[in-house]
Amino acid sequence: MENAEKKISVVVSVYNEELSLDQFHKTIIDILERCIWDYELIFVNDGSADRSIELLKQFAAGNSKIKVIDFSRNFGHEAAMIAGIDHATGDGIVCMDADLQHPPESIPEIIAKFQEGYEVISMIRGKNADAGFIKSITSKAFYKVLNLLSPIKFENNSSDFFALAANVAEVLRRDYREKIRYLRGFVQSVGFRKTTLEFNAGKRTAGESKYSLRKLLHFSINALCSFSDLPLKLGVYSGILVAMLGFILMIFTIANKLINGAPAGYSTIIVALCFMFAVTLIVIGIIGEYIAVLFAEIKDRPIYIVREIYKSDQ
Ligand code: UDP
Ligand code: MG
């Protein structure tokens with residue numbers, strides 16, 4: 001039978017999830033055992049400081065289809081997903097969170113989409129039961145700005161829940177090794193046969209969100225730098241604007257001197273100075289952000305470091 005030879009790899013990033021792991025493991029194995037494809041479950045332990053790794057080792061010891069990749073420290077959610085994709089051997093790969101906000105119940109639907117021939121499946125968040133007012137607003141604003149600035153248009157409400165066929169994963173492994181990146185953006189911009197499925201993000205099973213507002217801001221800036229160079233050109237546009245304003249001010253000042261014979265006002269100078277310095281500093285700051293990206297790329301440090309991989313062979 002054709003299906004029996006196919007395999008789905010599920011990649012799960014884990015950072016201090018000792019409270020969710022048991023329930024997640026139980027739920028997902030139950031679903032995977034009933035899928036028409038064979039499976040492989042890859043947990044990436046992203047430097048958890050709690051008992052997560054002990055639990056994961058136990059899961060792996062009891063099931064040879066479970067692989068645990070243990071990082072040397074915390075490298076972040078995207079690095080964990082990349083490591084999982086690097087180590088996945090399935091015909092289709094699903095990336096998801098360990099807190100049951102990404103429902104494992106969607107996996108059979110994902111497999112059905114793979115069977116229809118789709119190669120990239122983006123899971124779109126219908127509603128997010130866990131997102132507060134601020135998170136909803138900032139997330140909306142983020143996608144607005146990103147889509148405004150980037151030549152590539154992104155799906156609103158996309159998530160780190162997505163699925164890739166083996167050939168797409170190979171492209172990411174080979175050609176998308178950027179240190180500053182926006183993985184969801186890569187997934188949506190590589191092309192291939194794409195489709196979307198909707199899911200509702202439930203509440204976190206246990207524990208709390210590992211994404212602080214600071215982390216989210218950093219993440220947003222990286223995404224922007226990774227997909228748009230428009231802010232870099234702000235220097236040119238603001239330069240032209242300031243030059244035009246300066247020209248008007250110059251004419252005004254000369255006319256004033258000729259007519260009234262008086263020197264131009266003190267306030268005008270202060271306002272003009274403040275405005276010009278503000279524009280200059282903002283533009284330098286933006287260039288700084290992009291230089292930071294270049295710097296990270298040039299250093300070419302690893303995206304993640306693996307301490308050990310656990311897998312039982314029986
Ligand atoms: N995560 C990770 N490394 C990190 C932060 C988070 O691997 O540095 C994992 C976390 O364990 C979870 C997923 O990424 O499986 C999403 O994190 P979280 O649920 O905290 O984010 P939210 O759902 O609030 O956006
Ligand atoms: Mg979550």
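All ligand and atom numbering here is 1-based and tracks the order in the structure.
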Please state which part of [X] comes within less than 4.0 Å of ligand 1, counting heavy atoms only: side chain, backbone, both or neither.
X     : answer
Asp46 : side chain
Asn74 : side chain
Glu17 : side chain

Subject >> Glu119: salt bridge (Lys or Arg N to Asp or Glu O under 4.0 Å) partners, not counting sequence neighbours >> reply: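 Partners of Glu119 under the salt bridge (Lys or Arg N to Asp or Glu O under 4.0 Å) test: Arg193.
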Residue [X] vicinity, atoms of ligand 1 by number, heavy atom under 4.0 Å:
X     : result
Ala98 : 15 (O)
Asp97 : 13 (C), 15 (O), 16 (C), 23 (O)
Asp99 : 19 (O), 23 (O)
Gly76 : 3 (N), 8 (O)

**OP:** Say whether Ser52 and Glu17, considering side chains only, have a donor N or O and an acceptor N or O under 3.5 Å apart.
**Re:**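 Short answer, no.
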**OP:** Report the C-alpha separation of Arg125 and Asp160 in whole Å, then their side-chain angles, then the decisive distance to 0.1 Å, and conclude whether the salt bridge (Lys or Arg N to Asp or Glu O under 4.0 Å) test is met.
**Re:** CA-CA 10 Å; Arg125 223 169 14 212; Asp160 287 314; over 6 Å; no
Original post:
Where is the tightest heavy-atom contact between Val94 and Phe161, given as atom of each residue plus distance?
Top reply: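 So the minimum-distance heavy-atom pair works out to CG1-CE1, 3.7 Å.
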Subject >> ring-ring contact (aromatic ring centres under 6.0 Å, His included) partners for His25, two or more places apart >> reply: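 Expected list: Phe59.
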Subject >> Any Lys215 heavy atom less than 4.0 Å from ligand 1 >> reply: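 It does; at least one heavy atom falls under 4.0 Å.
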Subject >> Whether Phe142 and Tyr182 hold their rings parallel, tilted or perpendicular, with breakpoints at 30° and 60° >> reply: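 Because their plane-to-plane angle is over 60°, the rings of Phe142 and Tyr182 count as perpendicular.
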**OP:** State which residue, out of Ile221, Val293, Leu294, fulfils the side chain to side chain contact (heavy atoms under 4.5 Å, CB included) condition with Ile180.
**Re:**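 Exactly one candidate clears the test, Val293.
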Original post:
Is there an N/O/S atom in Asp99 at a distance below 2.8 Å from the Mg ion (ligand 2)?
Top reply: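 Yes.
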